[in-house]
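Below: the structure, in structure tokens.
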Amino acid sequence: MTATELPQSLLATLPGHHYTDPTIFALEQARIFETGWFCAVRSADLDKPGAFQTVQVGRESVLVARDRKGNLNAFLNVCRHRGARLCTQETGQVQRSLQCPYHAWTYGLDGKLIAAPNLGAMEDVDRGEYGLNTVHLREWLGYAWVCLADEPPSFDDTVIADVAGRLGDAGEIDAYDIAALELGERIRYDVKANWKQIIENFMECYHCATIHPELTEVLPEFADGFAAQYYVGHGAEFGDEVSGFTVDGGDGVQPLPGVGEHQNRRYYAITVRPQVFINLVPDHVIIHRMFPLTAERTLVDCDWLYLPEVVASGQDLSRSVELFHRVNQQDFDACERCQLAMDSRSYASGGVLVPSEHHIAEFHDWVRSRITD
């Protein structure tokens, strides 16, 4: 049976090789991750001048550093002299400059070339021209988003549009004042699955009754198989006996003061293509950042964010962290289980989407449109 012969209730997925083929993954790196806005680092992680972090964006290593004026700057992590990797550490702290360990070419935190052996004898070398190659950077929600494209796409028409498309109005997210929140917990997951597997899983809840017992206790409507993302503007409502977004449904912590009555006791999930999930609940926010490394391996950093006074007070956050940590483990196990079959002849033409998953087809179309000539 071909895709065109499917019953009306079913839609075709991507073929299996789209999740394993290194050639397709290379196209995704070049045409998706290296052309759009990519959520790279949490701004507060670089809290002092000289703090830096390196991030893999597509095929490039990107260096994000805070300069002496307090600004964040992003560069390709490549020395302009002979191409040596400038910083090999994931995170670090320097005093005033970044120095290549090969020939000691030295760059300011703004990327300008400031010193090199015998540079004074090379009067025709323009230090500005031979500074680090800059990468576009924009801060939003307390994170630094970078774009490798020479001319980046409109942030409003891509990132903000994804939020607006999910919430109905992008301004709805302002109530959570995410940039003012502080990190309560971060967990990194090394997932042996293609990045698209993870997005598809996050977007649907057809699996929720099967693998998420704790989540469906807190959000009973998820047991019916329709994810909050299936609807525009809908937030899944807490169960009648549930008082907080915690592993046992018990009380959470101090609520976020800007959350409106229509947002109270509700959970909103947002996919910001290509690699961010935003999860909104009344007392905290959970943000996932994906870093696709190969066609079959993806790192996921998950941040739990709370009011600064909640983090400073040392309150026990473990019950709210544990709920989504279990959800993450359950989801990633499922993604890895699917990944094992992507090269099977049984999945050569792909699978199917049931009605509660039909919105995933739009994501598949989005990916296809970017990697197909």
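Values below: every heavy atom of this structure, side chains too, minus hydrogens, waters and symmetry copies.
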Identified side chain to side chain donor-acceptor pair (under 3.5 Å) partner of Y19 from the options Q339, Q197, E200: E200
With sequence neighbours excluded, what pairs up with T246 under the side chain to side chain donor-acceptor pair (under 3.5 Å) test? D248
Quick check: does any side chain N or O of E336 sit under 3.5 Å from a backbone N or O of K192, one acting as donor and the other as acceptor? yes
The complete set of side-chain hydrogen bond (donor to acceptor under 3.5 Å, both in side chains) pairs with one or both residues in residues 37-48, sequence neighbours excluded, reads S43-E139, D45-R186
Under 3.5 Å, which donor-acceptor pairs link side chains of residues 104-113 to any protein atom two or more places apart or in another chain?
from : atom 1 : to   : atom 2 : distance (Å)
T106 : OG1    : Q99  : NE2    : 2.9
T106 : OG1    : A104 : O      : 3.0
Y107 : OH     : R80  : N      : 3.0
D110 : OD1    : K112 : N      : 3.1

For V78, which fellow cluster members are found when Ile, Leu, Val, Met, Phe, Trp and Tyr are connected by side-chain heavy-atom distances below 4.5 angstrom, either directly or through intermediates? none
Remaining members of hydrophobic cluster (4.5 Å side-chain criterion), L340: none
Does [X] have any ring pair (Phe, Tyr, Trp, His ring centres under 6.0 Å) partners at least two apart in sequence or in another chain, and if so, which?
| X | result |
| --- | --- |
| F33 | W195 |
| H17 | none |
| H325 | Y189 |

With sequence neighbours left out, which residue pairs that include part of residues 50-75 fulfil the salt bridge (Lys or Arg N to Asp or Glu O under 4.0 Å) condition? E34-R59
For C335, give me all partners under disulfide (SG to SG under 2.5 Å), at least two apart in sequence or on another chain. none
Pairing residues for C39 by the disulfide (SG to SG under 2.5 Å) criterion, not counting sequence neighbours: none
May I ask you to check if K196 and F363 form a cation-pi contact, with NZ or CZ under 6.0 angstrom from the six-membered ring centre and within 45° of the axis? no
Donor on one side chain, acceptor on other, N77 and T54, under 3.5 Å: no
May I have the list of side-chain donor-acceptor pairs in residues 163-173 shorter than 3.5 Å, sequence neighbours left out?
from : atom 1 : to   : atom 2 : distance (Å)
R166 : NE     : A269 : O      : 2.5
R166 : NH1    : Y231 : O      : 3.2
R166 : NH1    : H234 : O      : 3.2
R166 : NH2    : A228 : O      : 3.2
R166 : NH2    : H234 : O      : 2.6
D169 : OD1    : G171 : N      : 2.8
E172 : OE1    : H262 : NE2    : 2.8
E172 : OE1    : Q263 : NE2    : 3.2

